[in-house]
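Everything below concerns the one structure shown next.
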Amino acid sequence: MEKYNPNNLEKKWQKIWEENDLFKAEYSYEKKKFYILEMFPYTSAQIHMGHVRNYTIGDVVARYKVMNGYNILHPIGYDAFGLPAENAAIKQNIHPKDWTYKNIETIREQLKRLGISYCWEREVITCDPEYYRWNQFFFIQFFKRNLVYKKMAPANWCPFCQTVLANEQVIDGKCWRCGENVETKNLEQWFVKITDYAERLLDFSGIRNWPERVITMQKNWIGKSEGCEIYFYIPDIEGNLNVFTTRADTLFGVTYLVLSPYHPFVEKIKRISSRKNEIEKFIERMTKSSLSVKDILKIEKEGINTEIFAIHPITQERIPVWIGNYVLMEYGTGAVMAVPAHDQRDFEFAKKYDLPIKIVIKNPEWKEIPEKLEKAYEGPGIMINSDIFDGLDNEKGEEEIRKYLEKINKGKKAIYYKLKDWCISRQRYWGTPIPIVYCQKCGVVTEKEENLPIELPYEVKITGRGESPLKYVEKFIKCKCPVCGNDAERETDTMDTFVDSSWYFLRYASKDIKDKPFDKNEVNYWMPVDQYIGGIEHAILHLLYSRFFIKVLKDMGLIDFEEPFENLLCQGMVIKDGVKMSKSKGNVVDPEDIIKKYGADTLRLFILFAAPPEVDLEWSEKGIEGCWRFLNRVWRLHYEVKNYESIETKNDENLEFIINKTIKGVTEDIEKEFQFNTAIAKMMEFINFFSKIINEKSVSKKVLLDSWKKFIKILYPFVPHISEELWKDLGENKFLFYEKWPSYEKFEKIDKKISIGVQINGKLKGAVEISQTFEVNEILNLISENEKFKKFIIGKKILKTIYVKNRVINIVIED
RNA sequence: GCGAGGGUGGCGGAGAUGGCAGACGCGCUGGACUUAGGAUCCAGUGGGGAAACCCAUGAGGGUUCAAAUCCCUCCCCUCGCACCA
């Protein structure tokens, strides 16, 4: 017997699989397709356990589906643009491109060493001009469709590094690199109108199976609220102040208005208010505070009375206008009507500044209207103190007041979303150049499609300081205007890398395509992705942007489907000592070390066995050893099978039953939410039984061998290398990849005797062996003759007997 | 505060439709084979008890012949969202 030596054996099979083009995907209308996709890795130095988990899960699904007759697309690529490449450039003095491609080499080798069944010839590398030219192409199409625009927008700015920072690079209001306080700086930036698609993005009906929490997170992110805009006339500035509210029914309870410190009216009010100086000071204090978002939540509500008045649209009362720090400029109109009686925030503010509180909705639980409220009443009720609307149910009142306002031209129905347009500008080098040209004569124009790609220049100085490094590359900037042909300048912003990942899965589906982003037929065949697998950290941005992209592409007529990912599985993190593996925690386990020691199959098996895919997985070296032992056991048993000589055949039927039961269990566990951990447990159970029976030599060689072959087949998707080795060692010459997943149809329980639980008054007292055909009274007879149970029943009246077939019998007796 | 998901041995985790709680693995205990074993094999392993038995699924109630599973009250943990008008 050879010793199980995974390292040689795994490399051998990986080579043979590759030479035989096993995993090459070909599109074919005869076969039902299955597109299995894992989120592609970012090209940092090497892969970590999180990747191993993600890709192993995908590989099991892919191999399992192939064996079940599907035509599989299982591709991989690299998310290759992004800031870390520039940081590496600064730190290690290496060009971002060289750094990235070097990493890709490493990662590719690591993925191959794991034995994942990828179709390598469809690899996508997003920093390849042949890929990102299509980002530019889409940008131009979006521009034509009026889906991109440029506007001033605040960006995080580090005054020391002289650079723009991404949100995640701002830590507690400070620059992650130098620790300087981060300021906001207004810059002209490019936006994509994702808000145009807010309604369609809220519709998840085209999605089959996504985790509920991901859908909820996206819904919250889009944050739709339906309400009413109301216009309050301000005589002093001869203009309307618009507020947004979802509670128009409380309009008669308005006792003041509040503006955000950033509201454009603040300037006007400052000019005419008698409290100009105080207001100025207040605004300065509120807008200068470089607090992080979390701190802002903790700070107390503060405000200042402008001493300016607005006119109530119905009562014509004079309503004081305040400026308050609790009103967000980014939401609604940046101004609210305050109804302290029915909104807790307004209530707190009113209490603090001693503003009037007017009750206009009667809580049904109130016997009479209270003199004073302890807190705002935000629930439903009957309207009071509301003139002609008195007595209405508040929900009805909301509608009535809105209609009335519309009639007198003082308001209108309005829908607001939290979702903001997608800022895709990055003042960075390592990204897709935005294909825009600035011409003195023609203005802002898009580059001609035939001039794409606009390639990133290799020669560039990356310092991490100042604006986009491209600003200093003259060769890049200088160009001809695509409209008039005169000298012009290029845009130097590059695109957010989420653009790259919004459609990469379409490119996979289009093999060897050169003259367009993808082939429509092939994409329509493979798409949508049948199973997408990745981390929960992409629950919102990547998945939302991809959904958006696909909808736009559909509207452009480029594709025929509405949703990119039908089924989504978010796998849990790999944790050690209770926390996520990370460099800073110093608890990282390198997959390469584990593979060297135990081989890829052991690593795969452990990662699948230790927990169900969607929950966090606690790393355990001992657990790895357990899996290593299991595979060694399989290995040894294999040689026992080969040398086996039967003594008797009494267990033939039994073994057939057990292998069929195992196949059924494993199949169902995979089909049902990918419960690989229990599937593996069932295979371990099989091995426990199998090794017992092989020691007894109580089955015929034929049945033994037959069961063993079936077992190797179901083992294959989990640990493909060892399975393939054993398979071939049995004299089989077809690859397991091309074998059919075994069926379990024709099996029934051979053993007619089973054991059922015996309960007296619901309490378990033991078990009896019965024949499956027994009727209740036969079982009852058996029990009343049994020494163990006799004493409970003798002399007692049996009130009732409940028999759950083949499981349990409960005898209810009088006490 | 709101929303979602959880709390089961020493540990990771199993437990369709309510029906023998703790599959499988780890760890631990004992034994076999061994010069030795951290290799392998066999047996045991929720707690209490000598035993008969009794007690156990976050806590407490309830429904039921029967509850980890269903209902109510509460506690704790994790993850989202968070002054969104």
Side-chain angles (χ1 to χ4, degrees), chain A residues 211-217 219-221 223-225 227-228 243-247 250 258 260 293-294 296-301 324-328 330-339 342-346 348-349 378 416-419 536 539-540 572-573 578 605-606 609-612 614-627 629-630 632-633 636 665 668-669 672 675 677-688 691-692 695 755-768 788 791 799-813:
Chain A
E212 202 48 49
R213 60 185 171 140
V214 174
I215 292 176
T216 310
M217 279 161 84
K219 281 184 181 164
N220 288 341
W221 184 261
K224 179 180 180 175
S225 68
C228 182
V243 303
F244 174 65
T245 180
T246 53
R247 291 295 303 272
T250 61
V258 198
S260 160
V293 181
K294 280 199 178 106
I296 288 167
L297 290 182
K298 283 179 209 143
I299 63 170
E300 219 188 311
K301 294 182 183 23
N325 65 345
Y326 74 103
V327 177
L328 303 170
E330 304 84 64
Y331 190 75
T333 60
V336 300
M337 60 177 221
V339 185
H342 305 292
D343 183 292
Q344 188 56 25
R345 295 158 301 185
D346 298 339
E348 283 163 26
F349 193 82
E378 296 181 330
Y416 278 92
Y417 300 91
K418 277 198 274 177
L419 182 70
I536 186 76
I540 300 174
M573 293 184 298
L605 189 67
F606 168 73
F609 177 60
E614 67 280 4
V615 309
D616 287 351
L617 183 152
E618 176 72 33
W619 181 261
S620 152
E621 188 81 22
K622 289 286 183 193
I624 282 276
E625 281 172 24
C627 291
R629 273 201 289 272
F630 174 73
N632 274 283
R633 212 164 157 217
R636 281 193 310 271
E668 285 173 353
D669 284 348
K672 191 187 91 193
Q675 296 299 308
N677 55 332
T678 51
I680 292 167
K682 281 164 187 148
M683 292 192 284
M684 288 173 167
E685 270 183 89
F686 173 80
I687 285 295
N688 289 343
S691 87
K692 198 177 284 172
N695 281 336
S755 153
I756 62 160
V758 177
Q759 296 179 338
I760 307 291
N761 283 349
K763 291 213 169 190
L764 186 73
K765 298 295 179 189
V768 279
K788 211 172 165 187
K791 61 184 178 225
L799 302 173
K800 199 185 207 186
T801 316
I802 298 114
Y803 175 46
V804 184
K805 189 144 173 67
N806 297 350
R807 281 181 175 269
V808 72
I809 184 158
N810 187 14
I811 301 163
V812 186
I813 56 169

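Each chain gets a letter, A, B and so on, in the order the sequences are listed, and its residues count up from 1. What you see is a predicted model, and the numbers here were worked out from it, not measured in a lab. Values below: every heavy atom of this structure, side chains too, minus hydrogens, waters and symmetry copies.
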query: Can you tell me how far P of B:C83 sits from CZ of A:Phe244, to the nearest Å?
result: 16 Å
message: Between A:Ile802 and A:Gln759, is the side chain to side chain contact (heavy atoms under 4.5 Å, CB included) condition met? List the steps.
response: CA-CA 10 Å; A:Ile802 298 114; A:Gln759 296 179 338; over 6 Å; no
- prompt: Taking atom C1' in both B:A59 and B:G27, what distance in whole Å separates the two?
  reply: 30 Å
field: Which residue lies more 5' along RNA chain B, comparing A:Gly332 with A:Met684 via nearest heavy atoms
entry: A:Met684
- prompt: So, does the side chain of A:Asn220 form a donor-acceptor pair with the base of B:C81 at under 3.5 Å?
  reply: no
- prompt: What one-letter contact string describes nucleotides 7-15 of chain B from 5' to 3', where B marks a base within less than 4.0 Å of any protein heavy atom, S marks contact via sugar-phosphate atoms alone, and - marks no contact?
  reply: -----BSS-
- prompt: Taking atom C1' in both B:C26 and B:G9, what distance in whole Å separates the two?
  reply: 13 Å
field: Those residues that, when tested against A:Arg213, pass side-chain contact (heavy atoms from CB on, under 4.5 Å) (two or more places apart)
entry: A:Pro211, A:Ile536, A:Cys570
- prompt: Looking only at N and O atoms, is any donor in the side chain of A:Lys301 or the base of B:C83 less than 3.5 Å from an acceptor on the other one?
  reply: yes
- request: For B:A52 versus B:A67, give the span between their P atoms, rounded off to a whole number of Å.
  value: 24 Å
query: Which residues pass the side-chain hydrogen bond (donor to acceptor under 3.5 Å, both in side chains) test with A:Glu618, sequence neighbours left out?
result: none
query: Under 3.5 Å, side chain of A:Asn677 to main-chain N/O of A:Ala611, donor-acceptor pair present?
result: no
message: With a 3.5 Å distance limit and no angle check, can you tell me whether A:Lys418 reaches the backbone of A:Tyr331 through a side-chain donor-acceptor pair?
response: no
message: Counting only side-chain heavy atoms from C-beta out, which of B:C65, B:A85, B:C42 sits nearest to A:Val336?
response: B:A85
query: To the nearest Å, how far apart are A:Glu212 CD and B:G6 C1'?
result: 17 Å
- prompt: Taking only residues two or more places apart in sequence or in another chain, which ones pass side-chain hydrogen bond (donor to acceptor under 3.5 Å, both in side chains) with A:Glu668?
  reply: A:Lys664
- request: Find the distance between CZ (A:Arg636) and CZ (A:Arg629) and round it off to the nearest 0.5 Å.
  value: 10.5 Å
- request: Would you mind reading off the distance between A:Gln344 atom CD and B:C2 atom C1', rounded to a whole angstrom?
  value: 14 Å
field: P atoms of B:A68 and B:A56, separation to the nearest Å
entry: 10 Å
task: Answer with base, sugar-phosphate or nothing: what part of the nucleic acid does A:Gln759 contact at a heavy-atom distance below 4.0 Å?
output: base
Sugar-phosphate, base or nothing in reach of A:Val339, heavy atoms under 4.0 Å: nothing
- request: Taking the side chain as every heavy atom from C-beta outward, state whether A:Lys763 and A:Ile760 have any pair of such atoms under 4.5 Å apart.
  value: no
- request: Starting at atom CG of A:Asn761, determine the distance to atom P of B:C20, rounded to an integer number of angstrom.
  value: 17 Å
field: Closest listed nucleotide, where the reference is the side chain of A:Arg633 and the choices are B:A4, B:A85, B:C41
entry: B:C41
statement: Whether each nucleotide of nucleotides 47-55 of chain B has a protein heavy atom under 4.0 Å at its base (B), only at its sugar-phosphate (S) or at neither (-) is summarised, 5' to 3', as ------SSS
field: Base of B:A16 paired with side chain of A:Arg807 (donor-acceptor, under 3.5 Å)
entry: yes
message: Under the rule for ring pair (Phe, Tyr, Trp, His ring centres under 6.0 Å), what residues qualify as partners of A:Tyr416, not counting sequence neighbours?
response: A:Phe244
- prompt: Does A:Glu621 have any salt bridge (Lys or Arg N to Asp or Glu O under 4.0 Å) partners at least two apart in sequence or in another chain, and if so, which?
  reply: A:Lys597
- request: Give the rounded distance in Å between these two atoms: NZ of A:Lys219 and C1' of B:A4.
  value: 13 Å
Spacing of CD1 belonging to A:Ile756 relative to CD1 belonging to A:Ile809, to within rounding of 0.5 Å: 5.5 Å
field: Interatomic distance at C1', B:G49 relative to B:C41, whole Å
entry: 33 Å
statement: By nearest-nucleotide position on RNA chain B, the 5'-leaning member of A:Asp346 and A:Ile540 is A:Ile540
query: To the nearest Å, how far apart are A:Asp343 CG and B:A85 P?
result: 9 Å
Protein-nucleotide distance (A:Met573, atom CE; B:U78, atom C1'), rounded to Å: 9 Å
- request: For B:U8 and B:C2, measure between their C1' atoms and round to the nearest Å.
  value: 29 Å
- line: Base orientation of B:G9, chi within 90° of 0 counted as syn, else anti, reads syn
- request: With heavy atoms under 4.0 Å as the rule, sort A:Thr333 into base, sugar-phosphate or nothing.
  value: nothing
field: Interatomic distance at P, B:G12 relative to B:G7, whole Å
entry: 12 Å
message: According to side-chain hydrogen bond (donor to acceptor under 3.5 Å, both in side chains), who are the partners of A:Asp343, at least two apart in sequence or on a separate chain?
response: A:Arg345
Nearest-Å distance for atom pair CD1/P, residues A:Ile215 and B:C81: 17 Å
field: Within 45° cone and under 6.0 Å: A:Lys301 NZ/CZ vs A:Tyr326 ring
entry: yes
- request: Tell me what A:Asn688 touches on the nucleic acid: a base, only sugar-phosphate, or nothing, going by heavy atoms under 4.0 Å.
  value: sugar-phosphate
query: Which residues pass the salt bridge (Lys or Arg N to Asp or Glu O under 4.0 Å) test with A:Lys765, sequence neighbours left out?
result: none
query: Any side-chain heavy atom of A:Arg633 within less than 4.5 Å of one from A:Asn688?
result: yes
query: Can you find a side chain N or O atom of A:Asn810 that sits less than 4.0 Å from OP1 or OP2 on B:C20?
result: no
field: Closest to side chain of A:Glu685, choosing from B:C24, B:C20, B:C83
entry: B:C24
Would you list the protein and nucleotides 26-34 of chain B atom pairs, both N or O, that sit under 3.5 Å from each other?
unit_1	atom_1	unit_2	atom_2	d
B:C26	OP1	A:Arg629	NE	3.2
B:C26	OP1	A:Arg629	NH2	2.8
B:G27	OP2	A:Arg629	NH2	3.3

field: Partner residues of A:Arg247 under the side-chain hydrogen bond (donor to acceptor under 3.5 Å, both in side chains) criterion, sequence neighbours left out
entry: A:Asp249
task: In whole angstrom, give me the gap between the C1' atoms of B:G18 and B:C70.
output: 8 Å
- prompt: Are the side chain of A:Asn761 and the backbone of A:Ile813 linked by a donor-acceptor contact shorter than 3.5 Å?
  reply: yes
- request: Can you tell me which stems RNA chain B forms, taking runs of 3 or more consecutive Watson-Crick or G-U pairs with both distances under 3.5 Å?
  value: B:1-7 with B:75-81, B:10-12 with B:24-26, B:27-32 with B:40-45, B:46-48 with B:53-55, B:58-62 with B:70-74
